[in-house]
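Below is one structure, written out as structure tokens, with a few remarks after it.
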There are 2 protein chains.
Amino acid sequence: MVTIYDIAAQAGVSAMTVSRVINNTGKISDKTRAKVQRVMDELNYVPNHMARSLVLQQSKLLFLLITDITNPFYTTLARGAEDAAKKSGYRLLFGNSDESSQKEKDYIDTILSTRADGVLIAPASDSSLPHLESLRRHNVPFVLLDREVPGMGSDVVLGDTKEGARKLVDHLISLGHRRIALINGLPTISSARLRLEGFREALKLGDLAYDEQYVLESAFEPKSDLSDIESWLDSMDPAPTAIVAGNNVLAVEVIRTLHARGLRVPDDLSVVGFDDLGPYSEIDPFLTVIAQQAYQFGYLGMQMLIERIEERGAAAQPWRRVVLPAELVVRRSVAKLPE
Amino acid sequence: MVTIYDIAAQAGVSAMTVSRVINNTGKISDKTRAKVQRVMDELNYVPNHMARSLVLQQSKLLFLLITDITNPFYTTLARGAEDAAKKSGYRLLFGNSDESSQKEKDYIDTILSTRADGVLIAPASDSSLPHLESLRRHNVPFVLLDREVPGMGSDVVLGDTKEGARKLVDHLISLGHRRIALINGLPTISSARLRLEGFREALKLGDLAYDEQYVLESAFEPKSDLSDIESWLDSMDPAPTAIVAGNNVLAVEVIRTLHARGLRVPDDLSVVGFDDLGPYSEIDPFLTVIAQQAYQFGYLGMQMLIERIEERGAAAQPWRRVVLPAELVVRRSVAKLPE
DNA sequence: TAAAAAAATGTTACCGATAACATCAAAGTA
DNA sequence: TACTTTGATGTTATCGGTAACATTTTTTTA
């Protein structure tokens, strides 16, 4: 690999002069600059970022850690984060924790040892706490996305999840549904807890009793084994007329299971969910959902992160909490029940 | 940040001894090892990967560069690459070029200056050639995915695209279609060229004439402006009875456009495409497609990359070319025409 | 018990860059 | 002309690790 020393030797100057040309610092005569520049081009010089970060103690590298790279919510979010990072001259790398606390830990280790300047992270669950503590301890700024972790203060971008759940249930009630079920993420995830809260509140406001048998808590990630959904569907008595799914993955699993049983949505059972299904939603606007501003999650989160990084040393600002609105998008997956 | 020198001082040994404990190299007494280990735990030591890579001249870092992070084909591929990388003890970072040659170049620069050990890359187009030359010049092994770049020999994992296109057209012909249109990616992308070839061959075999007006070459990425699709649809005379879309993004765009015009698929026009639409194809198996083994693209490509990296120095092996099969998945988006 | 071998640990130099300071020449000023 | 200032460049130390070699301690063997 070509180094500044190779350039320096070839151009007949010192390494420091080469460094000055590269970074456009200090004073250099035009003649020297031109000569150095020419040699760099000739030898295809590429700066070694690691050597540079080592001495500068900053990498201009940011990480985005998401929990499911195949989930359109997160990939759209990634686009937003990318755009915001680029605008401020940072490079962005992605990691995918797959909803696994262990994988998340591995990525955090990578991030720490890569000496990233900051991290945008959608935590796997409450058990991410030690990972976040590790980041905090090592003084790596981070911003949480979509989920909070109790016990860890930080900047965070959230969706108005509780309100979203309420809107979904209200919508169902307004169409005559009275037996409404919820398949939710695990209660170790803050957003799942909020969905349940919103769900219960809306029931109460609608004068409907909360019945535990109508609630299933299941992992957010796609699994091959759908038997818990199966048995849950069997167990409810009387059967619900509508199911609220805690996220898009669960919505898909539920609909798949229903289809496998020969049940049609919404004719036999209504289904609503959180977050869009990506391009698919566009060709066949089928599923009624709470749409979240995925791109904004990434964009705003990244802005907040960069502000934190650049204010470093300044008096610490209080944590910021951005809550993005949740919009009900009515499509065709809910039946209107006869009164 | 805590360094090995801090550990060394605290533990009353030399930095080298700490290094030996970390890497489990050389000979160390159990007592010393335990002591050093304890101090590392106490101080929450995290190795500085950059310092280490600087001296070792290798980073154990790999990159995956894809062209569209919101495309399920690539995210599924990413999963495969991730799994294969982890199995061999490499860390994997993602980059997203967004089908843009410029963004791709920026990522290549990042990759070069980060001194990654290797790159898995889905090139944006033939104009990626200089970027690949740059990698080659700097001796960074890479494997191409899904697309080849003329003039650049390398390992590559491809889909059997031409055969795929043929199968789609055959399928349409067998259902009575005679006027078949193709909306394809730009001809600067190898896979788009192959699709066109397969398309033409299948027409010929089916005794159908190739008519240029039925072919539109458009960018693969989603755009807000659909006017070229609009005018193309208007221009064809007589109108086709079926449209082959070159990838999933284009399929979605076409269907969206048709819906906007009040046309139904497949009742008014049949549409087929390449690559699935992610998990969501499952809730409503609608679009007939050529399904590619996205996960395998990533997994096999990563394996080949790692083999290249680790054989370095050994006699160079000839380039390998893996072609993965393309399977026709028949669903509901094609109408059977009366003879 | 002295010499040789093995085990445990330390010292030095270097990876590729930059900050801080040092030097030297040309230009400006008294 | 001597003296300061400014501009252009070089030297040295350092970031956090590890390889290669050096040294010291312990164990084995003749």
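Excluded from the calculations below are hydrogen atoms, water molecules and symmetry mates; all remaining heavy atoms, backbone and side chain alike, are included. A note on names: the letters A, B, ... follow the listed sequences, proteins ahead of strands, and every chain is numbered from 1.
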Within the pair B/Thr17 and C/dG10, is there a side-chain N or O less than 4.0 Å away from OP1 or OP2?
yes

Whole-Å distance, A/Met40 CE to C/dG16 P, equals 17 Å

Is B/Ser29 close enough to C/dT9 that one of its side-chain N or O atoms is under 4.0 Å from OP1 or OP2 there?
yes

Assign A/Ile4 to base, sugar-phosphate, or nothing according to its heavy-atom contacts below 4.0 angstrom with the strands shown.
base

Side-chain N or O of A/Asn48 closer than 4.0 Å to phosphate OP1/OP2 of C/dC15
no

Going 5' to 3' on DNA chain D, which nucleotide is the first and which the last to come under 4.0 Å of a heavy atom in chain A?
D/dG7 to D/dG16

Between C/dC15, C/dA17, C/dT9, which nucleotide has the shortest distance from any of its atoms to the side chain of B/Arg20?
C/dT9

If the threshold is 4.0 Å, N to carboxylate O, is there a salt bridge linking B/Asp117 and B/Arg308?
no

Show, in sequence, the C-alpha distance, side-chain angles and deciding distance for A/Asp155 and A/Leu305, and conclude whether the side chain to side chain contact (heavy atoms under 4.5 Å, CB included) test is met.
CA-CA 8 Å; A/Asp155 292 326; A/Leu305 178 61; over 6 Å; no

I want to check something: taking the side chain as every heavy atom from C-beta on, are A/Ile121 and A/Tyr107 in contact at a cut-off of under 4.5 Å?
no

Whole-Å distance separating the CD1 atom of B/Ile7 from the P atom of C/dT9:
17 Å

Classify the nucleic acid contact of A/Thr25 as base, sugar-phosphate or nothing, counting any heavy atom under 4.0 Å across all strands shown.
nothing

Between B/His49 (NE2) and C/dC15 (C1'), how many Å, whole number?
15 Å

Return the 5'-most residue of the pair B/Asp30, B/Leu54 with respect to DNA chain C, ranking by each residue's nearest nucleotide.
B/Asp30

Write down the distance between NZ (B/Lys31) and P (C/dA8), rounded to a whole number of angstrom.
12 Å

Where the side chain of B/Ile28 is concerned, which of C/dC15, C/dT9, C/dA17 is the nearest nucleotide?
C/dT9

Can you name the residues that form a ring-ring contact (aromatic ring centres under 6.0 Å, His included) with A/Phe73, not counting sequence neighbours?
A/Phe297

Could you tell me if the side chain of A/Lys86 sits less than 4.5 Å from the side chain of A/Leu92, heavy atoms only?
no

Just to be sure I understand the rule, does B/Thr32 reach a base, reach only the sugar-phosphate, or reach nothing, if contact means heavy atoms closer than 4.0 Å?
sugar-phosphate

A side-chain contact here means heavy atoms from C-beta on lying under 4.5 Å apart; do B/Asp109 and A/Val46 qualify?
no

Can you work out whether B/Arg33 or B/Gln57 has the more 5'-proximal nearest nucleotide on DNA chain C?
B/Arg33

Under 3.5 Å, is there a donor on one side chain and an acceptor on the other for A/Tyr295 and A/Asp83?
yes

Whole Å only: how far is the CZ atom of B/Arg52 from the C1' atom of C/dG16?
18 Å

